[in-house]
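Sequential numbering from 1 along the given sequence is applied to the chain's residues.
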Amino acid sequence: MKFHSQESLPPAWRICLYQLQQEAPRPKRITCPQEMESRPKYYGREFHGVISRDYADELLVGTEGAYLIRESQRQPGTCTLALRFGHQTLNYRLFYDGKHFVGEKRFESVHDLVTDALITLYIETKAAEYIAKMTTNPIYEHLGYTSLLKDKMVHRLSRGRTEPRRPIKLLASCPQISSPLVRRSALKDMPEKQCSYEKIHNFKVHTFRGPHWCEYCANFMWGLIAQGVRCSDCGLNVHKQCSKLVPSDCQPDLRRIKKVFSCDLTTLVKAHNATRPMVVDMCIREIELRGMKSEGLYRVSGFSEHIEDVRLAFDRDGEKADISASAYADINIIAGALKLYFRDLPIPVITFDLYSKFIQAAKLPNAESRLEAIHEGLLQLPPAHYETLRYLMAHLKRVTMFEKYNLMNAENLGIVFGPTLMQPPEQNALTTLNDMRQQKLVVQLIIEHEDVLF
């Protein structure tokens, strides 16, 4: 079979590997003529007890796809799968932990394991060169997932223009500005740019029922189980090796997003085609409508059962959740729900990767150097995290303007939001305790200098 001839064809599902799977040898169980008392209960008559490699080879010779199980002579209690393929007998250490396996894949039966092995061996033997090159001519931009999204991409999350991440410049020639940080007012005429919300795919090993083709290279995904990977957020199906080449352009499908709380921040905003999570927008809107003068805002806890009700409402109803005063008169419930949302994020707003950068920034003795380092860290945040933090900090800055009533200044808010917005990657209680001062200071400084840092 010639494989190279398809390279000149227009993008289409390529069937050569599917044809090879159909041609692969079928399993042929070689049964033991007598009942073996030592046979484990999870094996059948293919178990032959303690026999040598040579004898197993004699039993299998001449029949492609023939297989049996033997107990090792050298290591009693361990079993070997002997399989005839390519005019030779292949031996694999066989394991069982509720399912049968010799490698990563786990099977309900030995027969399924052998079927999958024969398919894989046959295809990888017959089409080794083709498989090595199959990612070099992808159809990803022409068919399948990407073509279906072209219209959606026009209205991506970046449709809502946000202020650009502005560089902080040193103004040595401007003595009238005491700080080396340029104020936003000095930059207001800079052109705006659209924010790019890239998201990597959330690939997980998947077993496809019936024939499936890779949506990156257009080739058949061979095997009996775990033939490839599927993005659990958007449903893209590709080979495991192709998944490493797929661009970071996941467009989550709302039907696959089961909840709002505990959902990855970027995944949520892309699924809802928003610039920020609706939880953040809705809670802040409600708090600014009726809670800015509430004493101890964000410090005083709301009733935990009611906060849980708000969480369930968002998970169930999304942006239609009712968090109005008629539903929850105590504004501390809404504030508590907002804090819970941030605490429950699988990746904090200030991401694990950047945690140490912010902690080290807070430890710098020079005030200007601290702000410069914090600003550098902010610029490295994923766009959805950056925009969410920017919006939250602007809100908290407004909260401090009502300090006369709510008694919440930037330092108090830093104490509340420090461990909520940033957490150490190792989730170590001692590390968290040791870093609490720096966590508080980072959030405090971002609130105080919100107009400069964003």
Worksheet item: Between T135 and C242, what is the shortest heavy-atom contact and its length?
Response: CG2-SG, 3.5 Å
Discussion item. Is it the case that over 12 heavy atoms from other parts of the model lie below 6.0 angstrom from the NZ atom of K259?
Written reply: no
Worksheet, complete the sentence: Sorted by chain and residue number, the salt bridge (charged side-chain N to carboxylate O under 4.0 Å, His left out) partners of E108 (sequence neighbours excluded) come out as K99
Practice prompt. Check the surroundings of atom CD in E319: do more than 12 heavy atoms from other residues, nucleotides or ligands lie under 6.0 Å from it?
Written response: no
Item to complete: List the atom of A362, the atom of L441, and the distance in Å for their closest heavy-atom pair.
Response: O-CD2, 3.5 Å
Discussion item. Quick one, V452 and L371 - any side-chain contact, counting heavy atoms below 4.5 Å?
Written reply: no
Discussion item. Walk me through whether F261 and V279 qualify under side-chain contact (heavy atoms from CB on, under 4.5 Å).
Written reply: CA-CA 9 Å; F261 278 62; V279 179; 4.2 Å; yes
Discussion item. With a 4.5 Å cut-off on side-chain heavy atoms, are N91 and L81 touching?
Written reply: no
Worksheet item: Should F107 and V114 count as side-chain neighbours, where that means a heavy-atom distance under 4.5 Å?
Response: no
Practice prompt. State the OG-CG distance between S243 and L236, to the nearest 0.5 angstrom.
Written response: 9.5 Å
Practice prompt. Check for a donor-acceptor pair, side chain of T388 on one end and backbone N or O of H385 on the other, with a separation under 3.5 Å.
Written response: no
Worksheet item: Are the side chain of R14 and the backbone of C217 linked by a donor-acceptor contact shorter than 3.5 Å?
Response: yes
Item to complete: With the side chain counted from C-beta on, respond yes when P277 and V260 share a heavy-atom pair under 4.5 Å apart, and no when they do not.
Response: no
Worksheet item: What pairs with H206 under side chain to side chain donor-acceptor pair (under 3.5 Å), at least two apart in sequence or on another chain?
Response: R230
Discussion item. Given 3.5 Å as the limit, does a donor-acceptor pair link the side chain of D317 with the main chain of K320, or not?
Written reply: no
Worksheet item: What distance do L354 atom CG and I359 atom CD1 have between them, rounded to the nearest 0.5 Å?
Response: 11.5 Å
Fill in: Results of salt bridge (charged side-chain N to carboxylate O under 4.0 Å, His left out) for K440 - residues two or more places apart only
E411
Response to the item:
Residues pairing under ring pair (Phe, Tyr, Trp, His ring centres under 6.0 Å) where one sits in residues 32-58, two or more places apart or in two chains, turn out to be Y42-Y96, Y43-H100
Worksheet, complete the sentence: Heavy-atom nearest pair, V238 first then V246, reads CG1-CG2, 4.2 Å
Fill in: Q438 side chain near Q360 side chain, heavy-atom distance below 4.5 Å
no
Discussion item. Taking the side chain as everything from C-beta on, heavy atoms only, tell me whether L20 gets closer than 4.5 Å to F220.
Written reply: no
Discussion item. Is there a side-chain contact (heavy atoms from CB on, under 4.5 Å) between F454 and I446? Walk through the geometry before answering.
Written reply: CA-CA 9 Å; F454 291 98; I446 297 177; 3.5 Å; yes
Worksheet item: For the atom pair OG1 (T120) and CD (Q227), what is the distance rounded to the nearest 0.5 Å?
Response: 9.5 Å
Practice prompt. Taking atom CD of E104 as the centre, report whether more than 12 heavy atoms of other residues, nucleotides or ligands fall under 6.0 Å from it.
Written response: no
Please tabulate, for the side chains in residues 338-348, all donor-acceptor contacts under 3.5 angstrom to protein atoms that are two or more places apart in sequence or on a different chain.
residue, atom, partner, partner atom, Å
K339, NZ, Y298, O, 2.6

Discussion item. Do F352 and E426 have side chains that approach each other closer than 4.5 Å (heavy atoms only, starting at C-beta)?
Written reply: no
Discussion item. Please find the pair of heavy atoms, one from R106 and one from I225, that lie closest to each other, and give the distance.
Written reply: O-CD1, 3.0 Å
Worksheet item: Under a 4.0 Å N-O cut-off, is there an ion pair linking K199 with D233?
Response: yes
Fill in: Residue list, side chain to side chain donor-acceptor pair (under 3.5 Å) with K105, at least two apart or on another chain
D116
Item to complete: Check the surroundings of atom CZ in R53: do more than 12 heavy atoms from other residues, nucleotides or ligands lie under 6.0 Å from it?
Response: no
Item to complete: Measure the spacing between CZ of R370 and NZ of K363 and express it to the nearest 0.5 Å.
Response: 13.0 Å
Worksheet entry | Rounded distance [0.5 Å steps], CG in D264 versus CD1 in I257 | 9.0 Å
Worksheet item: Does I200 CD1 have over 12 foreign heavy atoms under 6.0 Å away?
Response: no
Discussion item. Check this for me: K28, atom NZ, are more than 12 non-hydrogen atoms of other residues, nucleotides or ligands nearer than 6.0 Å?
Written reply: yes
Practice prompt. Kindly write out the residues that satisfy ring-ring contact (aromatic ring centres under 6.0 Å, His included) with H239, not counting sequence neighbours, or none if the list is empty.
Written response: W222
Response to the item:
Hits for salt bridge (charged side-chain N to carboxylate O under 4.0 Å, His left out) against E129, two or more places apart or cross-chain, chain-then-number order -> K133
Discussion item. side-chain contact (heavy atoms from CB on, under 4.5 Å), that's the test. Do H111 and T115 meet it? Break it down for me.
Written reply: CA-CA 6 Å; H111 184 272; T115 302; 3.6 Å; yes
Worksheet item: Should V349 and M422 count as side-chain neighbours, where that means a heavy-atom distance under 4.5 Å?
Response: no
Discussion item. Strictly distance-based, threshold 3.5 Å: is any side-chain N or O of K270 a donor or acceptor partner for the main-chain N or O of C250?
Written reply: yes
Item to complete: State whether R276 and D281 are salt-bridged, where the test is any N-O pair (Lys NZ or Arg NE/NH1/NH2 against Asp/Glu carboxylate O) under 4.0 Å.
Response: yes
Item to complete: For Q439, check side chain to side chain donor-acceptor pair (under 3.5 Å) against everything at least two apart and list the hits.
Response: Y355
Response to the item:
The side chain to side chain donor-acceptor pair (under 3.5 Å) partners of E124 (sequence neighbours excluded) come to none
Worksheet entry | Residues which pass salt bridge (charged side-chain N to carboxylate O under 4.0 Å, His left out) with R29, listed by chain and number, not counting sequence neighbours | E46
Worksheet, complete the sentence: Here the pair of heavy atoms bringing K397 nearest to D451 is NZ-OD1, 4.2 Å
Practice prompt. List the steps and the verdict of side-chain contact (heavy atoms from CB on, under 4.5 Å) for L392 and I284.
Written response: CA-CA 8 Å; L392 175 65; I284 287 177; 4.2 Å; yes
Item to complete: Evaluate the ring planes of Y18 and W213, with Trp represented by its six-membered ring, and classify them as parallel (under 30°), tilted (30 to 60°) or perpendicular (over 60°).
Response: tilted
Fill in: Pairs touching residues 58-85 that satisfy salt bridge (charged side-chain N to carboxylate O under 4.0 Å, His left out), sequence neighbours left out
D57-R84
Discussion item. Assess the residue pair Y216 and N237 against the criterion (side-chain hydrogen bond (donor to acceptor under 3.5 Å, both in side chains)); give the C-alpha distance rounded to whole Å, side-chain angles, the decisive distance to 0.1 Å, and a yes or no.
Written reply: CA-CA 8 Å; Y216 181 81; N237 304 316; over 6 Å; no
Worksheet item: Looking at CD of Q423 and CD1 of I350, how far apart are the two atoms once the value is rounded to the nearest 0.5 Å?
Response: 10.5 Å
Practice prompt. Write down the atom of M36, the atom of G49, and the distance for their closest heavy-atom approach.
Written response: CE-CA, 3.7 Å
Practice prompt. Please indicate whether R437 has more than 12 foreign heavy atoms, meaning atoms of other residues, nucleotides or ligands, lying under 6.0 Å from its CZ.
Written response: no
